[in-house]
Amino acid sequence: MGPTVLYTASVFGAVAVYLLLRPGPVPIKVVGTLLGLGAGAWILKESAVVLSADEAGGAGTFFVLFSLIAIASAVRMITHHRPLYSALYFVMVVLSSAGLFLLLEAEFMAFALVIVYAGAILVTYLFVLMLAQQTPETDDQSGQPEYDRVPREPAAAVVVGFVLFALLGDMFFSPEGIADLPAPPSEQQARVAAWQQLDALPDRLASAVRREIGRSTDIEIVADRFGSAVRIEEGDAYVLVRTAESTEPQTVWLPDDAMPQNIEQVGLALIAKFPVSLELAGVILLMAMFGAVVLAQRQIELSEQEKRAAAAGDGHRRGGGISDAPPAAGTGGGGR
Amino acid sequence: MASADIFSVLAGNLTLALQDSAPIPIAETAVGMGWAGWILWLPAISTVMCGLCAALRVKNKLPAWITVGLLGTSFLMTLALWLRYDHPVVIHLLDWIVLGGDRWTFIANFSLYVDSLTLLWMLFVTGLGTLIALYASEYMEADVRGGYARFFAGISVFLFAMTALVMADNLLMLYLGWEGVGFASYWLIGYYYRKPSAVAAAKKAFIVNRIGDLGLALAIYLIWHTFGTVEYRALFEALDSGSYTAEAGGWSIKAIPYLLMLGAFGKSAQIPLYVWLPDAMEGPTPVSALIHAATMVTAGVFLVARMYPVFLLEPASLTVVAWIGGLTALLAATIAMAQHDIKRIFAYSTISQLGYMFMGLGMLSSVGAAYHVFTHAFFKAVLFLTAGVVMHGFAGQVDLRKVSGLRHLPGFRITSFTMLYACACLAGVPLITNGFWSKDAIMAQAFISTGPGFRALGVIAIITAFLTAYYAFRVWFRVCAGPVHFEPGEEQHDDNHAAQHGEFRPHAPRLAVNLVLIVITIGAVGSIFLKGWAGERIEDSTAAYLSPHAQGVGFWGDPHAWMPWVASAVGLLGIAVAGYFHLVNRKAADGLKNAMLANPATRWLPTAMENKWYVDELYHLMFRGPLWLGGHILNLFDRYIIDMAIVDGVARIPRLLGRGFQPLSNGILQSYAVSMAGGVALLAILVFLMPQLVDWLSHWMGGAG
Amino acid sequence: MILASIEPINGLTLSHYMLTSALLLVIGLIGFLTRRNMIVMFLCTELMLLAAAIAMIAFGRYHLDVSGQVFVIFILTIAAAEAALALALVVLLYRHKATLSAEAWSELREP
């Protein structure tokens, strides 16, 4: 896909988003939608996504599906004039992103995303929205506040945004852009790295070995002189096991499903590689909770009139005025 | 010749020795005379105490008594010093400035140089200072609740500065006193600081004096540069050694006397710097009497007398001194004839008499000049003090046409007769007045000394003597003689309550004023017999220069013989003319004036005289005009070029820049966000295009290179 | 099949995911710049964070490294903290002026 295609598609996309953003009649919105879809389709065609169910479990199809849902929902989210619907469209974006995560073999993160984002954060948003805004009965636009109906300077924003997009896209697709990316590891290297992690999970290793040799009684896995039990040979792994029956260690080849799963890998990395960051994240969350409590607690803010009224009431009770309120209002009881 | 003998007897032993240049007496260092320093310190203490009185809000006459007491003590100590005096001494008080090393030195200590010239000056300075302070204690009593302490602090600081000036043993201390008296003069002229004319007069006096002070400062620098010292003793030793002459010394020795002259003319109100003195009469009358008549204005004469050996190195400078003195005397006398303000008349007479003194100095009659200073101090003090009595008594009335017949009024008898005697002194009435003797010595010398046009100067001096007699008695006949008639002035003293009720009662002087008037008048009478004594005072000092003696024979060959007759004649003639116009037939004076005004050929004369020969206007045109114009041009330059174009212009650049970027800071969140995102996009473009840019640049550079 | 085909990833390349991520980021940006409702603006920031999360996961998958996913956990942490504070602020501001418009707060001074 050459840069020309990307730039042209960016321009079309920009026009489409602009048409959808600015308040206008429905036909214009339709034109914008069609334009956006056309641009998306063109990019898909040019980027040579294989839309086959056979290939790699239909990953291409799912990718196109989730991407399109995510992008369309995002566009709808920023163009919808009712904040509540925006929030709900954002849920759609989160769900389709979770799908993309699954395609990227990040199962744990996909579920975490749904639970944390869609489940917790978005619900908070909805609470606040409902607290702050009375939803009108009808779906009529005129019931909305002006600041929800009329966007601010859509043209400038769209231009800035799509210039940025064109640059980013150019970097991803041009040979110069990806030349600096280090080459990904080979499959064998990846497997070696995964097997090595198993050393940090002795229970999982032991249960996998037991399952393999079919024995639940005491076994002893022999470690080498570096303390590492898993021995790797060309991408496969075996362990030396000593059982009660024989003193001679016995070689047990580990099956592929004995490899650490995604959730285990993430947890291991979190604990082993980023312990301080984890602690800091906890502190940040705690502080955010305190901050939210302090900020949102009800602070009684009185207008001048209310202050005066309060002072007057106080004066009645105590027979004296309050200095910063006009004295006539306080002691006279009835004001001037 | 019998009367001539009387004259020569009264002239005393002036003609002691005959030699062309007397050796300059060299002072010795005195030991154990540190008490003389109290002459200097007592006025300073008085200043501090008066300042304390002002700070403590003392509302009685305490400051006056402090001042009179301390100044009187100072005078008594001066008397004691005089009685013990036998040769010039230097009394070291304390170190002040000691600089220098092997190659040069600059030493200026607080030391007293006491010779007879110093003593002569100190006697009348402290004596008159005390008496006038006593007079002022009554005169200023209306201000007891106001600036009383301030007034006496000013008098005290003046006395301190004047003492420092006269008794200094080096030129720098003299300069300190010189500036000090100028400051005190400014202080006291501007005493009524709510009166705009007084403030303007104070500023004028200060500024005009500054021109003269510049000359003095330059002269002091040149003296140090040429002779390597500013101490009198070392200076006179150097001069006495004869190694310095005008020819050998180059331009700097020639320039020194002229610069000194500039300083002296500024302080002593001579052409061209005399314009401040008449205006200085805005100050209280005791101040006019003490500072602007008797003492401070003679500082210039003192300076020339003290530095006489330096002037003798360049005799042409003395001729200039003589001519300027003579012309000033004549000019001031003509102006005084046409004024109506008593104090101003006396101010111009002061200028005129100072002109006589300079003429005497210039014509090598330093004895006559010093004697005239001495006598003048007495009678001029009396004149001003009596003018003050008139002002005080008639609510600030100073116009001689509005007050008449003073001597018939109760309580003004002493005033009238002391004023009569003082006027007679000023006019030079023969034999019985001191002014006659001192003036005579100067005028006679004009016909003896040889110099360019000295005979013409003598004639000018005689004409001036006639004019002086006329205007002096014009005042007396108008104010003290004639029918009783007066109009009060506009000034309302607190105790002049009667004026509000339509009936004005003159406010007669009381004990202190009358006492002071009598004492000073007695002093004036006594000074008649002091000519010889004053002459001795001078002979002993640095101003000693034995005047040339008459070479002719017979009565007409010796001007000292015939001058008393001529002087008497013109003096009495002037009095007679004044008596005719202002006592016998007052209408005739007005008639004569009107006749002159009616005649176009003579109209200019009275007009110009009344307007002081338009000198103020001339100065205005010559100096203030160009300065005013230049100031306005610079003002316009400042306002339009510097302020508007440069300062505001530079300031406008950031403002324009700010206005250009102002929309970015409109307070709306999204605008900032757009800027940020746009900036990120621009940076990304830059980073993305950088390799191509570098390629293109290196290609272009390579192609160019 | 866990660590199957790497380049391209299941028939797709890293660039495809990055393109999606970039597009979501840009849409979030445009939404932030154009919408005037404070809550929607914060939603748009969440969208941008989400786009960053997708990019993280894709890079991690490309390098066969789970650190990318760990970073997404931190992104989620920040998003949660931000949501809590931002919404508390919005509530506070809404109590003052009874509006959700960001422009109501364009003056930097005490009301």
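Throughout, a chain's letter reflects where its sequence line sits, starting with A, and its residues are numbered from 1. Every heavy atom of this structure was used, including side-chain atoms; hydrogens, water molecules and symmetry mates were not. In this text, all values refer to a predicted model and were calculated from it rather than measured experimentally.
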Positive for side chain to side chain contact (heavy atoms under 4.5 Å, CB included) with C/Ile39, one of A/Val128, A/Leu84, A/Asp148 | A/Val128
Which distance, rounded to the nearest 0.5 Å, do you find between the CG of C/Leu43 and the CG of A/Leu122?
-> 6.5 Å
On a heavy-atom basis, the closest approach of A/Ile121 and C/Ala83 is CG2-CB, 3.6 Å
Heavy-atom count around A/Phe66 CZ within 6.0 Å, excluding the residue itself: above 12?
-> yes
With a 4.5 angstrom heavy-atom cut-off, could you sort out which part of A/Val293 is near chain C: side chain, backbone, both or neither?
-> neither
Select one option (side chain, backbone, both, neither) describing which atoms of A/Glu153 are under 4.5 Å from chain C's heavy atoms.
-> backbone
Contact class of C/Leu85 relative to chain A, heavy atoms under 4.5 angstrom | both
Distance in Å, C/Leu25 CG paired with A/Leu164 CG, rounded so as to fall on 0.5 Å steps = 7.0 Å
By a 4.5 Å heavy-atom criterion (distance strictly below it), what part of C/Ser21 contacts chain A: side chain, backbone, both, or neither?
-> neither
Identify which part of C/Glu103 has an atom lying under 4.5 Å from any heavy atom of chain A, answering side chain, backbone, both or neither.
-> side chain
Minimum heavy-atom distance between C/Ala81 and A/Leu285, given as atom pair plus value | N-CD2, 4.2 Å
Kindly give the heavy-atom pair with the smallest separation between A/Ala292 and C/Ala84, and that separation in Å.
-> CB-O, 3.8 Å
Of the listed A/Ala156, A/Ala106, A/Gly291, the one with the largest count of heavy-atom pairs under 4.5 Å with chain C is A/Ala106
Do you know which two heavy atoms are closest between C/Asn37 and A/Pro83, and how far apart they sit?
-> ND2-CG, 3.2 Å
At a heavy-atom separation under 4.5 Å, does C/Ile54 approach chain A through its side chain, its backbone, both, or neither?
-> both
Euclidean distance, C/Leu76 CG relative to A/Leu113 CG, rounded to 0.5 Å = 6.0 Å
Between C/Ala53 and chain A, which part of the residue has a heavy atom less than 4.5 Å away: side chain, backbone, both or neither?
-> both
Is it the side chain or the backbone of A/Leu270 that comes within 4.5 Å of chain C heavy atoms, both, or neither?
-> both
Measure across C/Ser67 and A/Lys273 and return the closest heavy-atom pair with its distance rounded to 0.1 Å.
-> OG-NZ, 3.1 Å
For chain A, the option from C/Ile57, C/Leu24, C/Thr20, C/Thr77 that forms the most heavy-atom pairs under 4.5 Å = C/Ile57
Go through A/Leu268, A/Val94, A/Val116, A/Val150 and name the one with the most non-hydrogen pairs under 4.5 angstrom from chain C.
-> A/Val150
Can you list every side chain to side chain donor-acceptor pair (under 3.5 Å) pair that touches residues 88-103 of chain A, not counting sequence neighbours?
-> none
Please round to the nearest 0.5 Å and tell me the distance separating atom CZ of C/Arg61 and atom CG of A/Leu100.
-> 14.0 Å
So which of C/Leu89, C/Leu47, C/Thr99, C/Asp65 has the biggest tally of heavy-atom pairs under 4.5 Å with chain A?
-> C/Leu47
In terms of heavy-atom pairs under 4.5 Å with chain A, which of C/Leu87, C/Val66, C/Val40, C/Val91 leads?
-> C/Leu87
Is any side-chain heavy atom of C/Ile30 closer than 4.5 Å to a side-chain heavy atom of A/Phe162?
-> yes
Select one option (side chain, backbone, both, neither) describing which atoms of A/Ser10 are under 4.5 Å from chain C's heavy atoms.
-> neither
Sort out for me which of C/Leu50, C/Thr34, C/Leu29, C/Leu33 touches chain A most, counting heavy-atom pairs under 4.5 Å.
-> C/Thr34
In terms of heavy-atom proximity below 4.5 Å to chain C, should A/Met289 be classed as side chain, backbone, both, or neither?
-> neither
What's the spacing between C/Tyr17 OH and A/Leu103 CG if we round to 0.5 Å?
-> 4.5 Å
Flag, side chain of C/Arg35 to backbone of A/His80, donor-acceptor distance under 3.5 Å = yes
In terms of heavy-atom pairs under 4.5 Å with chain C, which of A/Gly13, A/Ala74, A/Ala269 leads?
-> A/Ala74
Considering only heavy atoms, which portion of C/Ile73 lies under 4.5 Å from any heavy atom of chain A: side chain, backbone, both, or neither?
-> both
Rounded distance [0.5 Å steps], CD1 in A/Ile71 versus CG in C/Leu19 | 7.5 Å
Under 4.5 Å to a heavy atom of chain C? For A/Glu146 that would be both
Answer with side chain, backbone, both or neither: which region of A/Phe165 has an atom nearer than 4.5 Å to a non-hydrogen atom of chain C?
-> both
Between C/Glu82, C/Met18, C/Arg36, which residue shows the highest count of heavy-atom pairs closer than 4.5 Å to chain A?
-> C/Arg36
Do you know which two heavy atoms are closest between A/Leu168 and C/Ala22, and how far apart they sit?
-> CD1-CB, 4.0 Å
Pick from A/Ala112, A/Ser277, A/Pro154, A/Ser67: which one has the most heavy-atom pairs with chain C under 4.5 Å?
-> A/Ser277
Aromatic centroids of A/Tyr125 and C/Phe42 separated by under 6.0 Å = no
Any side-chain heavy-atom pair of C/Gln69 and A/Phe101 under 4.5 Å | no
